[in-house]
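So the structure is just underneath, and the comments pick up after that.
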Amino acid sequence: MKKRTLSILLIEDDRIEVMKLKRVLSKNNLKHDLVEARNGEEALKILEDRSNLPDIILLDLNMPKIDGIEFLKVLKKEPLLKYIPTIVLTTSNNHNDVKECYEIGIAGYVLKPLKYEDYVEKIERLLEYWSINEVIHIL
């Protein structure tokens, strides 16, 4: 089955988490394009370039400046951005966070496991799913 290379916007303020994701991509020879933002504000600036939108967004919830939920609220109100599949990748298993994120319109909610091996498996499956899924590009 042909899998496509994804353009991924990772919104994460924890440098260790960023390095962990990069390590999974590198060690597993996953050739996806990764763009990083440290918070929602930085991500919104990146998304201003409508000619280079990501296929998916991986979003942490707990960040400075604009947190994940506030970022989602802005993203999902934008006609050209609301269709980008956004997957929350977080340590928060707070039921209210999960419910609010799905109400706003996320594509998935993935808890970061403590064990590295479990993290690798979740990331591999998540990216495999989205690399065969059809996404909408509206311009």
Side-chain angles (χ1 to χ4, degrees):
M1 179 183 304
K2 179 101 169 102
K3 297 176 189 171
R4 87 176 171 282
T5 300
L6 295 171
S7 170
I8 303 167
L9 174 57
L10 173 63
I11 309 170
E12 172 66 68
D13 65 317
D14 185 334
R15 300 315 300 159
I16 292 172
E17 291 295 327
V18 172
M19 290 182 348
K20 201 161 67 170
L21 182 67
K22 285 182 171 181
R23 185 175 177 196
V24 171
L25 294 175
S26 174
K27 282 194 151 208
N28 294 287
N29 204 25
L30 301 172
K31 304 279 187 205
H32 301 296
D33 300 320
L34 186 67
V35 175
E36 303 168 38
R38 289 177 295 228
N39 56 57
E41 183 179 83
E42 197 173 297
L44 290 171
K45 285 185 179 149
I46 290 169
L47 292 169
E48 286 176 3
D49 179 2
R50 300 295 204 255
S51 67
N52 195 23
L53 294 175
D55 294 314
I56 65 170
I57 297 172
L58 299 179
L59 173 67
D60 186 26
L61 287 185
N62 303 311
M63 296 178 295
K65 297 188 180 183
I66 298 176
D67 70 16
I69 289 177
E70 288 304 311
F71 170 81
L72 280 170
K73 288 176 181 176
V74 172
L75 182 80
K76 295 303 178 180
K77 286 181 182 172
E78 290 288 326
L80 294 177
L81 303 178
K82 69 181 179 182
Y83 296 105
I84 302 171
T86 304
I87 301 98
V88 173
L89 185 59
T90 186
T91 56
S92 173
N93 63 355
N94 179 307
H95 175 75
N96 291 330
D97 285 346
V98 176
K99 183 176 180 283
E100 185 172 9
C101 287
Y102 275 111
E103 286 173 348
I104 295 169
I106 61 166
Y109 196 102
V110 178
L111 289 176
K112 295 177 194 171
L114 294 176
K115 285 179 57 181
Y116 180 72
E117 296 79 19
D118 295 339
Y119 177 83
V120 170
E121 184 177 340
K122 280 189 175 189
I123 295 299
E124 285 175 341
R125 287 185 181 196
L126 183 148
L127 296 178
E128 183 176 332
Y129 173 77
W130 285 104
S131 70
I132 62 169
N133 209 333
E134 294 299 319
V135 294
I136 296 174
H137 293 280
I138 300 195
L139 291 177

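Owing to the predicted nature of the structure, the values given are computational and were not obtained by experimental measurement.
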Checklist entry - In Å and rounded to the nearest 0.5 Å, what is the CD1 to CG distance from Ile11 to Leu72? => result 8.0 Å
Checklist entry - What's the shortest heavy-atom distance between Phe71 and Gly40, and which atoms? => result CD1-O, 3.7 Å
Checklist outcome for this item: Scanning both residues in full, the closest heavy-atom pair of Asn39 with Pro64 reads CB-O, 3.4 Å
Checklist entry - Does Asp67 reach the main-chain N or O of Asn62 with its side chain, forming a donor-acceptor pair under 3.5 Å? => result no
Next on the checklist: If you compare all heavy atoms of Glu78 against all heavy atoms of Arg50, which two are closest, and at what distance to 0.1 Å?
Outcome noted: OE1-NH2, 3.1 Å
Checklist entry - Given Ile66 and Val74, is the side chain to side chain contact (heavy atoms under 4.5 Å, CB included) satisfied, shown in steps? => result CA-CA 10 Å; Ile66 298 176; Val74 172; 5.8 Å; no
Checklist entry - So, are Lys20 and Glu17 salt-bridged, with charged N and O less than 4.0 Å apart? => result yes
Item to check | Note, Leu47 side chain near Leu75 side chain (heavy atom, < 4.5 Å) | outcome: yes
Checklist entry - Got a sec, which residues hit side-chain hydrogen bond (donor to acceptor under 3.5 Å, both in side chains) with Asn133, two or more places apart in sequence or on another chain? => result Tyr129
Checklist entry - Within the distance-only criterion (no hydrogens, no angle test), does the side chain of Tyr119 pair as donor or acceptor with the backbone N or O of Val24 below 3.5 angstrom? => result no
Checklist entry - With sequence neighbours excluded, what pairs up with Lys22 under the side-chain hydrogen bond (donor to acceptor under 3.5 Å, both in side chains) test? => result Glu36
Checklist entry - How long is the gap from CE on Met63 to CD1 on Ile69, to the nearest 0.5 Å? => result 10.0 Å
Item to check | Residue pair Gly68 / Leu59: nearest heavy atoms and the distance that separates them | outcome: O-CD2, 3.6 Å
Checklist entry - Does Lys73 reach the main-chain N or O of Ile104 with its side chain, forming a donor-acceptor pair under 3.5 Å? => result no
Checklist entry - Is the shortest heavy-atom distance from the side chain of Ile123 to the side chain of Leu89 under 4.5 Å? => result yes
Checklist outcome for this item: Sequence neighbours excluded, the answer for side-chain hydrogen bond (donor to acceptor under 3.5 Å, both in side chains) partners of Lys27 is none
Checklist entry - Thinking salt bridges, do Glu128 and Arg125 make one under a 4.0 Å N-O criterion? => result no
Checklist entry - Once you round to the nearest 0.5 Å, how far does CD1 of Ile56 lie from OG1 of Thr86? => result 9.0 Å
Checklist entry - Considering only heavy atoms from C-beta outward, does the side chain of Leu58 approach that of Leu21 to under 4.5 Å? => result yes
Next on the checklist: Using 0.5 Å steps for rounding, measure from the CG atom of Leu25 to the CG atom of Leu6.
Outcome noted: 10.0 Å
Next on the checklist: Would Leu61 and Cys101 count as a side chain to side chain contact (heavy atoms under 4.5 Å, CB included) here? Give the steps.
Outcome noted: CA-CA 10 Å; Leu61 287 185; Cys101 287; 3.8 Å; yes
Item to check | Spacing of Lys112 atom NZ and Asp118 atom CG [to the nearest 0.5 Å] | outcome: 15.0 Å
Checklist entry - Given the rule in the side chain to side chain contact (heavy atoms under 4.5 Å, CB included) test, do Asp14 and Asp60 qualify, once you have shown the distances and angles that lead to the verdict? => result CA-CA 9 Å; Asp14 185 334; Asp60 186 26; 5.7 Å; no
Checklist entry - Taking atom OG of Ser26 and atom CG of Leu34, what is their separation to the nearest 0.5 Å? => result 11.5 Å
Checklist outcome for this item: Looking only at heavy atoms, the pair that brings Tyr109 and Ser92 closest together is OH-O, 2.6 Å
Item to check | Backbone N/O of Leu30 and side chain of Asn28: donor-acceptor pair under 3.5 Å | outcome: no
Item to check | Exercise: identify the closest heavy-atom pair between Ile57 and Pro54 | outcome: CG1-CG, 4.0 Å
Next on the checklist: Walk me through whether Arg38 and Arg15 qualify under side chain to side chain contact (heavy atoms under 4.5 Å, CB included).
Outcome noted: CA-CA 9 Å; Arg38 289 177 295 228; Arg15 300 315 300 159; 3.8 Å; yes
